[in-house]
Amino acid sequence: PRCLILKGLKMISGRGVSFLWKGLIARRGPSSNGVTLMTGRCLSSTLDPTKFAATNQAKPLENFNAFQSDVILQDSLRVFGYEDANDHLLHVGDIAGSKYVADLAQDANTYLPEFKSHDRFGNRVDEVKYHPAYHELMSIGIENSVPSYGWQKGGKPGAGVTRSALSYMMFGAEAGTQCPQTMTFACVGPLKHLTDEQRQVCDFQAKACSTVYDPTNQPATNKDGVVIGMSMTEKQGGSDVRANVTTATPIDGVSEPGSPHLLVGHKWFTSAPMCDAFLTLAQTENGLSCFIVPRWNPHTGERNEGLRFQRLKSKVGDRSNASSEVEYHNAYGELLGEEGRGIPVIIEMVQFTRLDCMVGSAGLMRRALLEAVNHVRQRVAFGSTLLDTPLMQAVIADLSLESEAATALAMRMAATLEPSASEDEKALGRIGVAIGKYHICKRAPKFVYETMECLGGNGYVDDGVMGRLFRQAPLNAIWEGSGNVICLDVLRCLMKEPEAFEALMREMHVVSKFDSSYAPHVNAVVNEFKDLSHNVMHTRRAVGNAAMLLQAAALIRIAPETVATSFLQARLSQPSGLEYGSDVEGTDTQTLISRANSIVPSKRTNVWSQPNRSYSTMGRKMVTFAKHARCHFSTTDCETSSAKTPVHSNLLGVSISEVQARKLEGDWCCPSCSRLNFVYTSSCLCGFSRSKPEQRQRGNDWTCSFCGDNVFGGRSHCRCGQPASSTF
């Protein structure tokens with residue numbers, strides 16, 4: 001063929017050939033032997049656009065309300081949630097489903113954290129640098145009370161379940177930043193052991209309940225809000241923390257709550273290494289004890305020199321969140337609780353983090369289901385949309401049933417951990433959280449894979465969200481105890497806490513009371529548990545069966561009767577099939593599909609202007625490395641701004657002096673969100689439009705002779721491919 005696509009403009013000069021990389025196109029002219037150079041826009045005008053148009057492609061799932069689009073979550077909150085939380089749930093639902101957050105999630109997982117152990121002078125700094133999108137996501141979560149909502153409401157009934165719902169929605173939007181937020185939420189229990197003297201110096205518990213995100217690397221005493229991490233497992237022990245070899249020695253020879261110690265040892269997994277403090281376990285003379293190890297010594301204001309990070313893990317998923325290895329070289333730490341009581345002190349935190357494993361997996365499953373439904377209801381094949389075909393209807397109905405059961409059980413178990421819960425409810429939570437975590441987190445990877453298959457080849461392309469969801473899905477089954485560890489904890493609870501087993505039996509018998517035909521099934525599972533002391537190898541089967549009964553009981557309490565009946569029919573009345581879509585006989589598939597196909601577009605063009613929210617003036621400005629100092633970032637780093645709706649790409653931090661200089665040159669700050677915009681833009685990313693855009697051209701900027709766009713002076717080419725000079 002006579003049409004060639006060149007990667008550059010060849011310029012013959014002497015012996016060599018150089019290339020100007022701007023994707024020009026060479027075409028042999030019909031009436032000459034020469035070569036005519038044109039831009040891509042010229043060539044496209046000579047072709048029939050219908051032959052190359054992207055038709056029959058599903059529009060991306062964006063700018064929807066994650067709360068309104070989740071029927072089972074709404075049902076759960078009506079039963080267990082906080083009564084005055086609906087407006088806040090709707091607002092966070094808008095944020096979680098927004099394109100803005102989706103773009104942030106993409107950037108945070110593309111530009112990974114980088115570890116810097118020393119500065120250029122050879123001094124240890126032990127810092128991890130994150131992409132600005134990570135900090136923006138953290139700011140969105142913390143300022144919207146995702147980790148602190150329950151604590152801020154003072155333990156009012158339903159507040160903890162509402163916090164779980166907030167976390168559930170943000171897990172679906174971006175899971176990596178939920179790890180440090182989960183740890184910050186869960187640490188509040190152990191931090192109640194802080195002494196009055198410790199609180200007078202730095203009240204980590206109060207700061208962990210704050211809605212202020214401050215990523216600056218400075219003492220926590222100078223901050224209004226902190227992020228708390230966990231540092232538990234070691235190389236030789238893993239989940240067996242009693243095998244830890246890290247030791248702690250009292251500095252003053254006295255080991256009592258709040259006393260300072262020096263820690264020597266290591267930790268194999270420490271996530272979110274830029275946290276302001278870490279809860280860790282170390283051996284003392286009286287056994288395994290819990291300590292808080294701050295990044296900066298709160299008494300002296302000096303960096304904790306003994307806290308030395310070694311490297312970052314290269315993980316399969318959860319890429320936006322850094323996980324590190326750390327060594328303690330006489331690291332400063334303070335004792336939490338009584339010496340030798342480390343496990344009892346830390347167990348409350350573990351209970352909450354396991355709950356969030358379950359909540360997070362359910363949130364991932366729901367987002368994956370919405371992505372699948374969004375695709376199959378638009379994609380046409382063989383004369384009809386995919387969702388109208390019987391086979392796809394069976395798959396979507398089965399996936400919907402699985403997702404609703406996971407969400408219902410997660411919210412049901414969240415209710416058992418409420419401070420206002422009864423003793424029976426708390427006893428159920430001590431065993432039910434472990435059972436739910438085991439089952440839901442194990443179901444998530446296969447579930448996400450099936451939703452990926454619904455998208456066909458598009459699902460396997462990493463430009464979209466499905467690849468990130470698929471890599472993330474296995475994590476929660478491993479974090480906070482893999483399958484066997486969870487089963488051992490269930491066995492321990494059965495032996496040492498008979499009231500927990502009694503509460504479990506009462507909850508499972510909700511199913512037999514709903515439909516007496518399932519009484520034999522419930523009794524069989526109860527007998528399985530009673531026999532585990534003689535046959536431990538059956539523990540996994542017993543835990544899995546109990547989990548499905550708990551899911552059924554949760555659906556009976558929460559969902560419409562037809563959904564609960566469909567779950568019983570699909571999961572308990574017949575042997576479970578190997579694949580999704582094979583267990584829908586006797587279920588109400590149309591009801592399940594309609595509940596899954598309930599994607600509600602966001603009603604707000606600007607989700608940041610919610611009344612009574614500080615995010616419009618705070619969250620959209622990146623925190624700089626000075627306390628409470630804020631800087632603006634540009635909406636785009638491209639060369640032009642004639643587009644009506646700027647799209648998020650790279651977030652570019654700008655100093656205050658540069659902001660002032662850019663204002664003098666014509667750039668303008670949005671009065672709604674304070675974002676700094678390019679001089680030629682007429683609309684801000686938040687949706688604000690100014691009536692009279694700047695008409696004048698700045699000194700070094702130039703106008704493209706081909707398309708007419710205004711271009712930054714530092715750019716050699718317009719985005720259409722045209723060089724600054726039209727002379728070749």
Side-chain angles (χ1 to χ4, degrees), residues 64-82 85-86 88-98 101 105 137 140-142 144-150 158-186 352-371 400 402-418 433 436-437 439-441 443-444 447-448 465 469 472-473 475-476 479-480 551 554-555 558-559 595-596 598-600:
F64 68 100
N65 189 292
F67 182 62
Q68 288 182 304
S69 302
D70 197 331
V71 180
I72 189 62
L73 184 62
Q74 296 175 60
D75 291 342
S76 301
L77 271 292
R78 275 192 288 269
V79 177
F80 298 118
Y82 182 58
N86 193 65
H88 190 57
L89 288 163
L90 288 172
H91 180 61
V92 174
D94 272 334
I95 293 174
S98 67
V101 167
L137 288 165
I140 288 172
I142 291 177
N144 278 282
S145 306
V146 173
S148 60
Y149 188 89
V161 178
T162 301
R163 186 221 62 89
S164 293
L166 299 174
S167 181
Y168 167 97
M169 290 189 286
M170 293 306 295
F171 258 109
E174 205 290 309
T177 48
Q178 286 306 297
C179 172
Q181 292 182 53
T182 283
M183 293 189 294
T184 302
F185 150 68
F352 282 127
T353 53
R354 285 182 175 176
L355 171 67
D356 267 18
C357 285
M358 185 177 8
V359 168
S361 291
L364 286 176
M365 293 164 72
R366 185 65 189 182
R367 181 57 185 262
L369 174 62
L370 291 178
E371 293 286 344
S400 176
E402 186 78 25
S403 173
E404 293 209 20
T407 302
L409 181 56
M411 296 302 131
R412 173 71 182 98
M413 289 300 104
T416 67
L417 301 186
E418 291 270 12
V433 168
K437 193 264 187 192
H439 182 73
I440 293 175
C441 297
R443 298 287 286 179
F447 181 98
V448 175
V465 69
L469 295 178
Q472 188 75 29
L475 174 61
N476 287 334
W479 191 38
E480 293 308 311
Q551 286 182 315
L555 288 173
I558 295 170
R595 287 170 67 85
S598 58
I599 301 173
V600 179

Quiz item: Is a side-chain N or O of T407 found less than 3.5 angstrom from the main chain of E404, in a donor-acceptor match?
Solution: no
Quiz item: Looking only at heavy atoms, which two atoms of L369 and S400 are closest? And how far apart?
Solution: CD2-CA, 3.8 Å
Exercise. Look only at the side chain of N144 and the backbone of I140, and say whether a donor-acceptor pair between them is shorter than 3.5 Å.
Key: yes
Quiz item: Looking at OG1 of T353 and CE of M183, how far apart are the two atoms once the value is rounded to the nearest 0.5 Å?
Solution: 9.5 Å
Quiz prompt | Closest heavy-atom pair and its distance - F171, L364 | solution = O-CD2, 3.7 Å
Quiz item: Does V146 reach the side chain of Q178, with side-chain heavy atoms less than 4.5 Å apart?
Solution: yes
Quiz item: Who are the ring-ring contact (aromatic ring centres under 6.0 Å, His included) partners of F447, not counting sequence neighbours?
Solution: Y580
Quiz item: When rounded to the nearest 0.5 angstrom, what distance separates CG in D70 from OG in S76?
Solution: 8.0 Å
Practice problem: Decide yes or no on side-chain contact (heavy atoms from CB on, under 4.5 Å) for M169 and L89, but give the supporting numbers first. | Solution: CA-CA 9 Å; M169 290 189 286; L89 288 163; 4.1 Å; yes
Quiz item: Say you draw a straight line from CD1 of I558 to CD of Q74; how long is it, rounded to the nearest 0.5 Å?
Solution: 13.0 Å
Practice problem: Just say parallel, tilted or perpendicular for the rings of Y82 and Y149, cut-offs at 30° and 60°. | Solution: perpendicular
Quiz item: Of all heavy-atom pairs between N476 and G360, which one has the smallest distance, and what is that distance?
Solution: ND2-C, 3.8 Å
Self-check item: Verdict with supporting geometry, M413 and L417, side-chain contact (heavy atoms from CB on, under 4.5 Å)
Solution: CA-CA 7 Å; M413 289 300 104; L417 301 186; over 6 Å; no
Quiz item: Any idea which heavy atoms bring E418 and V161 closest together, and the distance?
Solution: OE2-N, 3.0 Å
Quiz item: Using a distance-only test with no angle check, is there a side-chain donor-acceptor pair under 3.5 angstrom linking S167 and Q181?
Solution: no
Quiz item: When you check the gap from the basic side-chain N to the acidic O, do E480 and K437 get nearer than 4.0 Å?
Solution: no
Quiz item: Are any non-hydrogen side-chain atoms of I142 and P147 less than 4.5 angstrom apart?
Solution: yes
Exercise. Could you tell me which residues satisfy side chain to side chain donor-acceptor pair (under 3.5 Å) with R367, sequence neighbours excluded, listed by chain and number?
Key: E371
Quiz item: What's the spacing between F64 CZ and D94 CG if we round to 0.5 Å?
Solution: 10.0 Å
Exercise. Mind checking the OG-CD1 spacing from S598 to I72? Nearest 0.5 Å is all I need.
Key: 11.0 Å
Practice problem: Only counting residues at least two apart or in another chain, list the ones meeting ring-ring contact (aromatic ring centres under 6.0 Å, His included) with F67. | Solution: none
Practice problem: Return the minimal non-hydrogen interatomic distance between I440 and A406, and the atom names on each side. | Solution: CD1-O, 3.5 Å
Exercise. Considering non-hydrogen atoms only, spot the tightest contact between A173 and V101 and give its length.
Key: CB-CG1, 3.9 Å
Quiz prompt | side chain to side chain donor-acceptor pair (under 3.5 Å) partners of E402, counting only residues at least two apart | solution = R443, R571
Self-check item: Pairs meeting criterion salt bridge (charged side-chain N to carboxylate O under 4.0 Å, His left out) with involvement of residues 161-172, two or more places apart
Solution: R163-D356
Self-check item: Residues that S164 engages under side chain to side chain donor-acceptor pair (under 3.5 Å), provided they are two or more places apart
Solution: none
Exercise. Go through the steps to decide whether H88 and L166 satisfy the test side-chain contact (heavy atoms from CB on, under 4.5 Å), and finish with yes or no.
Key: CA-CA 9 Å; H88 190 57; L166 299 174; 3.9 Å; yes
Exercise. Look up atom CZ in R366 and atom OG in S403, then write down how far apart they are to the nearest 0.5 Å.
Key: 5.0 Å
